[in-house]
Amino acid sequence: MNDAPVPAPMRVLMAPLGLLLLLLGHLPLRLLYLLSDCLAFVARDMVRYRRTLIRANLALCFPEKSESERRGIEHRFYRHLTDYFVETLKFRTMSARKLKRHMTFENTELIDSTLASGRDIIIYTSHFGNWEWITSMGLWCRESATAKFSHVYRPLRQPWFNRWFLTLRSRYNVSIPMKRVLRQLISWRHEGTRFITGFLSDQKPSHAGKVYTVPFMGGDTPFIGGTEELAAKLDAVVMIFDTRVLSRGRYMSDIRLLTTSPRSLEPGRLTAMYAACLEQQIRSCPPAYLWSHNRWRLPRK
């Protein structure tokens with residue numbers, strides 16, 4: 001976790017908000033979804049949160065759809081976004097038993113057998129479904145008692161929210177700052193500790209980082225290349241969460257193998273495999289993707 005302290009004045013100032021979020025997290029999900037419906041209306045029809053960006057992204061990725069079809073996706077996206085918000089609040093207080101009824105995983109034996117064989121795992125994730133709940137995967141795996149289940153994050157600029165999210169995301173695994181991930185994974189390997197580390201790799205690539213341009217949603221799109229490079233450097237087995245939305249508040253993630261030998265693939269191939277799988281997820285349920293993120297700031301062909 002990020003050890004940067006939250007200044008005392010900010011802790012005092014944000015204490016009422018922290019208490020409110022905690023109290024909301026104790027409400028039943030059925031009441032939280034009523035709150036979500038209200039928040040979706042406010043975000044969509046009153047605040048119009050990032051509406052121009054959302055419409056531009058949908059038009060770019062679904063040119064074959066009519067304007068009314070894209071408006072339908074937009075409408076349902078806002079509700080999914082606010083569902084994600086209230087589900088994240090609930091994640092803070094939800095028991096492991098109840099969480100396992102809402103976030104399920106298939107093919108976890110692939111993770112157990114890979115870790116038991118002495119291989120480490122890099123797993124691709126994305127902003128699809130509920131990417132907070134997906135950190136509970138260790139609840140389904142036998143090897144979670146001995147291996148390190150972790151994820152990589154970009155620290156938020158606001159210290160209080162950064163600490164709040166880190167506390168939330170570290171319930172079931174270890175949070176690693178992006179700038180320290182290679183050092184941490186090498187350290188675990190030297191200690192003889194197996195690890196499985198998740199990377200949210202669909203974010204807008206940094207101008208300073210490695211970028212691979214691969215086919216995605218109808219055009220060549222720049223993707224983060226650091227995940228692929230790290231997997232090759234560590235010669236880790238690479239997997240992906242193939243997530244499906246079963247119903248409101250219920251998600252299933254099928255753990256799929258991408259490659260056991262990332263070093264043997266030509267540069268960009270692994271990223272292209274990830275992008276193809278992500279596109280299938282998005283087309284199966286377009287509203288469940290994070291369309292309010294400016295992922296196409298870099299030009300695509």
Check your understanding: Between F161 and L89, is there a shared hydrophobic cluster once you connect ILVMFWY residues whose side-chain heavy atoms come closer than 4.5 Å?
Key -> yes
Check your understanding: Between T88 and L168, is a side chain to side chain contact (heavy atoms under 4.5 Å, CB included) present by the stated rule, with each step listed?
Key -> CA-CA 8 Å; T88 299; L168 176 88; 3.3 Å; yes
Check your understanding: Between D37 and R44, is a salt bridge (charged side-chain N to carboxylate O under 4.0 Å, His left out) present by the stated rule, with each step listed?
Key -> CA-CA 11 Å; D37 290 338; R44 181 185 62 244; over 6 Å; no
Review point. Is R269 salt-bridged to E266, cutoff N-O under 4.0 Å?
Key: no
Exercise for review: State whether the number of non-hydrogen atoms from other residues, nucleotides or ligands found under 6.0 Å of R142 atom CZ is greater than 12.
Suggested key: no
Point to revise | Over all atoms of both residues, closest heavy-atom pair of P222 and V211 | key: CB-CG1, 3.6 Å
Practice item. Verify the neighbour count for atom CZ of R48: are there more than 12 heavy atoms of other residues, nucleotides or ligands below 6.0 Å? Key: no
Review point. Is it true that atom CZ of R171 has more than 12 heavy atoms of other residues, nucleotides or ligands lying nearer than 6.0 Å?
Key: yes
Exercise for review: Count the heavy atoms belonging to other residues, nucleotides or ligands that lie under 6.0 Å from NE2 of H75, then report whether that count exceeds 12.
Suggested key: no
Check your understanding: Stepwise, does the ring-ring contact (aromatic ring centres under 6.0 Å, His included) test hold for F149 with Y172?
Key -> CA-CA 8 Å; F149 283 63; Y172 300 110; over 10 Å; no
**Study point:** Intermediate values then yes/no, ring-ring contact (aromatic ring centres under 6.0 Å, His included), Y274 and Y124
**Key:** CA-CA 7 Å; Y274 161 65; Y124 277 98; 4.4 Å; yes
Review point. More than 12 foreign heavy atoms under 6.0 Å from NZ of K233: is that the case here?
Key: no
Exercise for review: In plain terms, say whether R283 and E64 are close enough for a salt bridge, that is, a side-chain N and a carboxylate O under 4.0 Å apart.
Suggested key: yes
**Study point:** S36 and D83 side chains, donor-acceptor separation under 3.5 Å
**Key:** yes
**Study point:** Between W131 and Y84, ring centroids under 6.0 Å
**Key:** yes
**Study point:** Modelled atom types, side-chain donor and acceptor of H151 and T197, under 3.5 Å
**Key:** no
